[in-house]
Amino acid sequence: MKILVVDDSRFNLDMISISCRKWGNSVVTATDGAQAVACYQAERPDLILMDVMMPVMDGFQATARIRAQAESRWVPIILLTALDNDQDLVRGIESGADDYLIKPINFTVLREKIRVMERIATMQGQLTESLICLQDYRDKAEEERLLAMRVMDRVVNFGKMYDPLVMHSIIPAFNFSGDLVAYARTPGGNLHVVLADATGHGLAAALNVLPIIEIFYSMTAKNFPIANIAAEMNRKIRLLMPRERFVAAVLVSIETSARIINVWNGGCPAVLFIDAIGKIMHFFPSAHPPLGIQSEEDFSSELEIYPCSIYDGQLLMCSDGLLEAENSAGIPFSLEGLSQAIFGIPPCDRINHIMETFRRHLKGAPQIDDVSLVTIG
């Protein structure tokens with residue numbers, strides 16, 4: 001190490017310097033505290049052996065000045081002092097010293113203290129390098145996260161139109177949501193809505209639903225029925241994603257002119273049809289595996305067809321993150337909790353009321369899965 005030796009006694013300065021060089025270190029010297037501060041700035045030593053009683057500026061003051069200048073860089077400082085009362089030793093530690101050695105110097109003890117400080121300094125240097133690498137990694141990760149969020153937002157919302165029949169809410173468990181909600185009208189005026197819930201959480205889950213977006217919007221714009229859209233989504237996810245990365249999904253088509261509701265439910269909680277006072281009139285349970293599990297030959301695009309006008313009630317669909325969310329007592333929100341949250345609530349207020357009831361249910365317990373909720377009508 002490069003060691004700064006500070007002492008106003010030429011004899012002490014020479015003896016300590018000779019010993020430090022003998023032990024394999026390089027040495028720079030100063031004869032008072034002011035010189036020590038200036039030498040520290042110029043030489044950036046790895047260790048300082050600081051006398052206390054000196055002219056111009058004593059060792060306590062010099063130590064405090066060096067500590068103020070060092071900022072995040074840690075330099076061990078050992079005080080060499082003839083003062084052995086507790087008050088002076090405490091003052092030395094408070095000024096920023098790391099250790100002390102009582103004069104006259106025991107050079108065997110001094111050598112061991114230097115070795116200890118060298119080991120600590122080495123570990124400190126390694127830790128600093130690791131922290132710099134971690135900070136660099138964090139900065140890059142944050143930059144990539146922000147870029148990914150912008151891309152995801154543009155992709156998910158591309159072509160998405162406002163529709164007075166649809167309200168939705170998504171609460172991600174992490175930065176990215178693996179749940180997706182999209183809706184659009186066909187050229188013929190039918191309303192298509194999709195709620196998708198990808199396996200996992202965060203960015204990995206969000207990437208799973210990307211293939212669904214383009215398919216949904218482009219095929220809806222070409223007037224394809226949701227049965228065909230579901231089949232194409234299944235084919236694309238199976239083609240692009242690993243087998244364990246499937247996507248539970250609900251696709252709904254509202255044929256307002258024909259008073260028909262079509263539902264394809266693959267692995268999501270049952271879609272509910274609710275009347276004006278919040279009573280559940282019909283269930284659309286999951287009738288298919290999630291997207292990406294079955295081959296094209298085995299995939300079924302069969303729909304459940306419900307002959308009713310959307311204006312006679314309201315459709316409600318959600319991801320399992322809502323129903324399975326547990327509070328601190330381990331009690332899930334459940335379908336019963338959802339039913340209680342909607343009963344007696346006007347249709348336009350149901351989403352807000354459900355989400356408020358959901359937050360009260362958690363009672364500070366962590367949300368471990370994405371939550372999405374959609375009402376139609």
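Note: hydrogens, waters and symmetry copies are ignored here, and every other heavy atom, side chains too, is used. FYI, the numbering just counts along the sequence from 1.
- Ion pairing between a basic and an acidic side chain is recognised when a charged N comes within 4.0 Å of a carboxylate O; Arg115 and Glu112 show such pairing.
- By the neighbour-count criterion of 12 heavy atoms within 6.0 Å, atom NZ of Lys2 is densely surrounded, having more than that number from other residues, nucleotides or ligands.
- The local environment of CD in Glu244 is crowded, with over 12 non-hydrogen atoms from other residues, nucleotides or ligands closer than 6.0 Å.
- Of the possible polar contacts, none joining the Glu214 side chain to the Pro211 backbone as a donor-acceptor pair under 3.5 Å is found.
- Contacts of Tyr306 classified as ring pair (Phe, Tyr, Trp, His ring centres under 6.0 Å), with partners at least two apart in sequence or in another chain: Phe273, His282, Phe284.
- Side-chain contact of Thr186 with Thr220: a donor-acceptor pair under 3.5 Å is absent, judged by distance alone.
- Atom CD of residue Gln314 and atom SG of residue Cys348 lie 9.0 Å apart, to the nearest 0.5 angstrom.
- With Leu80 as the partner, the side-chain contact (heavy atoms from CB on, under 4.5 Å) test is satisfied by one option alone out of Val52, Ile105, Ile102, Val5: Ile105.
- Between Glu255 and Arg259, no side-chain nitrogen of the basic residue sits less than 4.0 Å from a carboxylate oxygen of the acidic one, so the salt-bridge criterion is not met.
- With a 6.0 Å radius and a threshold of 12 heavy atoms from other residues, nucleotides or ligands, Gln135 has its CD atom above the threshold.
- Residue Leu240 places its CG atom among more than 12 non-hydrogen atoms of other residues, nucleotides or ligands, all under 6.0 Å distant.
- Interatomic distance, Ile215 CD1 to Leu291 CG, rounded to the nearest 0.5 Å: 9.0 Å.
- Counted within 6.0 Å of CZ on Phe60, heavy atoms from surrounding residues, nucleotides or ligands total more than 12; the atom is thus considered enclosed.
- Asp298 and Ser295 form a side-chain donor-acceptor contact under 3.5 Å, judged by distance and modelled atom types alone.
- Between the side chain of Ser319 and the backbone N or O of Ser372 there is at least one donor-acceptor pair closer than 3.5 Å.
- Using a cutoff of 4.0 Å between basic side-chain nitrogens and carboxylate oxygens, Glu94 and Arg91 are not scored as salt-bridged.
- Under the 3.5 Å distance criterion, with hydrogens and angles disregarded, no donor-acceptor pair is assigned to the side chains of Glu232 and Asn228.
- Residues Met281 and Tyr311 share a single hydrophobic cluster, defined by chaining ILVMFWY side chains whose heavy atoms lie under 4.5 Å apart.
- Grouping Ile, Leu, Val, Met, Phe, Trp and Tyr residues whose side-chain heavy atoms lie under 4.5 Å apart, directly or via other members, places Leu322 in a hydrophobic cluster with Met167, Ile171, Leu272, Ile274, Ile280, Phe283, Leu316, Leu323, Phe333, Leu335, Leu338, Ile342, Ile351, Ile354, Met355, Phe358, Leu362, Val371, Leu373.
- In this structure, the side chain of Arg185 engages the main chain of Gly189 through a donor-acceptor pair within 3.5 Å.
- Between Asp98 and Lys113 there is no salt bridge, since none of the side-chain N atoms of the basic residue sits less than 4.0 Å from a carboxylate O of the acidic one.
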Pairs under 3.5 angstrom only: tabulate donor-acceptor contacts from the side chains of residues 6-13 to other protein residues two or more places apart or in another chain.
unit_1 : atom_1 : unit_2 : atom_2 : d
Asp7   : OD1    : Ser9   : N      : 2.9
Asp7   : OD2    : Lys103 : NZ     : 3.0
Ser9   : OG     : Asn12  : N      : 3.3

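- No more than 12 heavy atoms of other residues, nucleotides or ligands lie within 6.0 Å of CZ in Arg65, so this atom counts as exposed by the packing criterion.
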